[in-house]
Amino acid sequence: MPIHVYNTLSRKKENFAPSIEETIGVYVCGVTPYSSTHLGHARPSVVWDVIKKFLVWRGYRVYHVQNFTDVDDKIIARANEEGISPLELSAKYAQDYLESMDALGVSRADIYPKVSEHIPEIINMIERLIKKGYAYPSEGNVYYDVEKFTDYGKLSNQRLDELQSGTRFEVDPNKKNPMDFALWKSAKEGEISWDSPWGPGRPGWHIECSVMSEKYLGSNFHFHGGGNDLIFPHHENEIAQSEAATGQPLARYWLHNGMMNFKDSKMSKSLGNIVTIKDVLKKYPKELIRFFILSNHYRSELEYHEEKLTESNKGLRRLNETVKNAICAISLAKNRELNKQDQRILEKIEQCEKDYIAAMEDDFNSALAIASLFDLCRELNGYLSTTNQEGINATVLEKAVETFKVLAGDILGILILDEEKSSDDLVNPLMELILELRQDLRKEKNFKLADKIRDKLSELNILVEDTPQGPRWKQMNGQ
RNA sequence: GGCGGCAUGGCCAAGUGGUAAGGCAGAGCUCUGCAAAAGCUCUAUCCCCAGUUCGAAUCUGGGUGCCGCCUCCA
């Protein structure tokens, strides 16, 4: 079955069928690192992390480039406030970004190119654009001449005249057209700058992505991604720059994720309604944040509330408990011929994997993929409570656990399997002892004392459950 | 003003022509000494109006409400 992806450029789902030999080129617009990494940044990162892992699991090779725009107005302003250099400031927050992503279990891109390290290439592309007549210098700046690029507006479906009438800011007298945008900005007094044929200055916002995607992925790669707030002007301008310079389509598929909203509007640094990833991770596991994000389709808008996170946690926990219980049960299960019931569960496992793949192949519908995991979860729980003579089969359980480990663990990153038992060497044997004594009490029908032990342990955040296979305990951490 | 998107049960959320996935919450039941966990059963006709169609949540037109972009933004 072929993969289908929704392409912003055509505004419909398209077939995505690269040959298995070719490496899939992915360029995802990264961040402008001038303040702490927030949950809004987690969305595209987690989504693309999962897309990459899914594609790799399906046998493809992926090369992923993600930039840091480490020189820009905001960075300069913020650096001045803090009394450090712009590059020091952006390096600090780029580091914060990478740490946050590592903490979320997001696999790293193959390369994170920075604007400040690609000045010669940027100057080179600007020169190419000037030579071809798509750009013009003016007072130490260089502007892109949008009227020269006849396809301008094709990604965001805008018409140049409409855009102009919507102009809300003062028109720069150096520009031929109000919509022209800067490729090179002349430096103000004392500002960070590089020498160029047009005088000291720095790159405009959009040019770095055109330059760095070409350098690392060539002129016609597979996926270009980012938040849908980047469609205009950022990606529109990238297309104008790259396609004018190379004469080739920039990317074949444009994938845009929806915004993460907080308090009814987009989470963004300038609105000040941000929740940092590191803060959330102090209270909740990374798997929960991923589960929360992946439970929604990547293109839809996602409203963040802490209560929604705790609610999601209950579903996630059920999923994880099922897998843990299955792992525990393997040692008690039997190795015998498969009976009809075993056969049925094996079919369910297969069905789950089929549904999961179909969901992911349909524009990476992780929400639907997760639903297939819950379907298997229910079947497996039913199987685990089997009480008939033949009991449960170890091979079946192993197959189920393996499936969860790959689909939920390796690809989605939402499986939590360790941590319930104490790391303290003393606690485990001690708990064994307590539970053994409590079992004796229960056999003697001394339920009063047995219940007291359970209650007191509960006060210590240790949950005791009596199952057909014997007592089970776990530490409850936090929520 | 222009462009794009969204509106599905108490809450969250899939589904883009054939009669509504999944999660959470709720009710009842089963299992259990009790509990916990788990399982089973139950709970919607898809914002409003008009239309196309044998048939629409799904297509078309109109309306209402919300969000994003057009200024830095994932």
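Each chain gets a letter, A, B and so on, in the order the sequences are listed, and its residues count up from 1. What you are looking at is a predicted structure, and each value in this text was computed from that prediction instead of being measured.
Residue contacts shown for S372(A) are absent, as no nucleic acid heavy atom lies under 4.0 Å away. Looking at heavy-atom distances under 4.0 Å, V28(A) makes no contact with the nucleic acid at all. When heavy atoms are screened at a 4.0 angstrom cut-off, L368(A) is found touching base atoms of the nucleic acid. At a threshold of 4.0 angstrom between heavy atoms, the contacts of S268(A) include nucleobase atoms, whether or not backbone atoms are also involved. Across all strands shown, G30(A) has heavy atoms under 4.0 Å from sugar-phosphate atoms exclusively, and none from any base. Within the 4.0 angstrom heavy-atom criterion, only backbone atoms of the sugar-phosphate kind lie near G226(A); the bases stay farther away. Using a 4.0 Å heavy-atom cutoff across all strands shown, T32(A) reaches sugar-phosphate atoms only and no base atom.
The CD-P distance, from E459(A) to A36(B), rounds to 17 Å in whole Å. In this structure, the CD1 atom of I462(A) is 15 Å from the C1' atom of A36(B), given to the nearest Å. Taking atom CD of E311(A) as the reference point, atom C1' of C12(B) lies 6 Å away to the nearest angstrom. Taking atom CG on L319(A) and atom C1' on G39(B), their separation rounds to 16 Å, with Å as the unit. D161(A) places its CG atom 11 Å from the P atom of C3(B), with the value rounded to the nearest Å. A21(B) atom P lies 22 Å from atom CE of M360(A), rounded to whole Å. If you measure from atom CD of E236(A) to atom C1' of C3(B), you get 11 Å, rounded to the nearest angstrom. The CG atom of L155(A) sits 12 Å away from the C1' atom of C69(B) (whole-angstrom rounding).
A salt bridge does not link K399(A) with E350(A): every distance from a Lys NZ or Arg NE/NH1/NH2 to an Asp or Glu carboxylate oxygen is 4.0 Å or more. Salt bridge status for D451(A) with K448(A): absent, with no side-chain N to carboxylate O gap under 4.0 Å. The existence of a salt bridge linking E236(A) and K154(A) is excluded, since no basic side-chain nitrogen approaches an acidic carboxylate oxygen closer than 4.0 Å. A salt bridge between K74(A) and D72(A) is absent, with no side-chain N of the basic residue lying under 4.0 Å from a carboxylate O of the acidic one. Ionic pairing of D363(A) and K13(A) is not present here: no N-O contact between side-chain nitrogen and carboxylate oxygen is shorter than 4.0 angstrom. Between E82(A) and R78(A) there is a salt bridge, since at least one side-chain N of the basic residue sits less than 4.0 Å from a carboxylate O of the acidic one. Look at E99(A) and K278(A) and you find a salt bridge, because one of the NZ, NE, NH1 or NH2 atoms lies within 4.0 Å of a carboxylate O, short of that distance.
OP1 or OP2 of C34(B) has not a single side-chain nitrogen or oxygen of R438(A) nearer than 4.0 Å. Taking only side-chain nitrogens and oxygens, R442(A) never comes nearer than 4.0 Å to OP1 or OP2 of C34(B). One finds a side-chain N or O of K266(A) lying less than 4.0 angstrom from the OP1 or OP2 phosphate oxygen of C69(B). A close approach under 4.0 Å does not occur between any side-chain nitrogen or oxygen of N228(A) and OP1 or OP2 of G68(B). OP1 or OP2 of G15(B) has at least one side-chain nitrogen or oxygen of N365(A) nearer than 4.0 Å. Distances shown here put a side-chain N or O of R318(A) below 4.0 Å from the OP1 or OP2 atom of G23(B).
With 3.5 Å as the limit, one finds a donor-acceptor pair spanning the side chains of S10(A) and E14(A). Side-chain contact of N228(A) with R299(A): a donor-acceptor pair under 3.5 Å is absent, judged by distance alone.
Taking the P atom of each, G15(B) and U53(B) are spaced 28 Å apart, rounded to whole Å. The gap from the C1' atom of U19(B) to that of U58(B) amounts to 12 Å, rounded to the nearest Å. Nucleotides G65(B) and C72(B) have their P atoms positioned 30 Å apart, rounded to a whole Å. Across U8(B) and A14(B), the matching P atoms stand 11 Å from one another, rounded to whole Å. Between A44(B) and A25(B), the two C1' atoms lie 16 Å apart (nearest whole Å). For the C1' atoms, the distance linking A20(B) with G55(B) amounts to 15 Å, nearest Å. For the P atom pair drawn from G39(B) and C6(B), the interatomic distance equals 34 Å after rounding to whole Å. Taking atom P in both A56(B) and U60(B), the straight-line distance is 15 Å, to the nearest Å.
Taking the side chain of F232(A) as heavy atoms from C-beta on, and the options G2(B), G4(B), C70(B), the nearest nucleotide is C70(B). The side chain of N381(A) has G39(B) as its nearest neighbour among A36(B), C3(B), G39(B). Taking every side-chain heavy atom of R378(A) into account, C40(B) is the closest of G68(B), C34(B), C40(B).
The one candidate from N237(A), I122(A), V115(A) that meets the side chain to side chain contact (heavy atoms under 4.5 Å, CB included) condition with I207(A) is I122(A).
When each of Y6(A) and N257(A) is assigned the nucleotide of RNA chain B bearing its nearest heavy atom, the one mapping closer to the 5' terminus is Y6(A). Annotation: of the two residues near RNA chain B, D451(A) and S312(A), the 5′-most nearest-nucleotide partner is S312(A).
Judged by distance alone with a 3.5 Å cut-off, no donor-acceptor contact links the side chain of K314(A) to the base of C24(B). Remark: the R472(A) side chain and the A36(B) base include no donor-acceptor N/O pair separated by less than 3.5 Å. Put simply, the side chain of R317(A) and the base of C24(B) share no donor and acceptor less than 3.5 Å apart.
In this structure, Y93(A) has its ring center at least 6.0 angstrom away from the ring center of F68(A). Ring centers of H256(A) and H235(A): under 6.0 Å apart, within the cut-off. A centroid separation of less than 6.0 Å is found between the aromatic rings of F223(A) and W48(A).
For the segment residues 289-305 of chain A, residues with any heavy atom less than 4.0 angstrom from an atom of RNA chain B are, sorted by number, S295(A), N296(A), H297(A), S300(A), E301(A).
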Secondary-structure notation, RNA chain B, from Watson-Crick and G-U pairs under 3.5 angstrom (| other strand): ((((((((.[[[..)..(...]]].(((((.......)))))....[[[[[..)....]]]]])))))))....
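With its ring centre under 5.5 Å from that of the base six-membered ring and a plane angle below 30°, F447(A) counts as stacked on G33(B).
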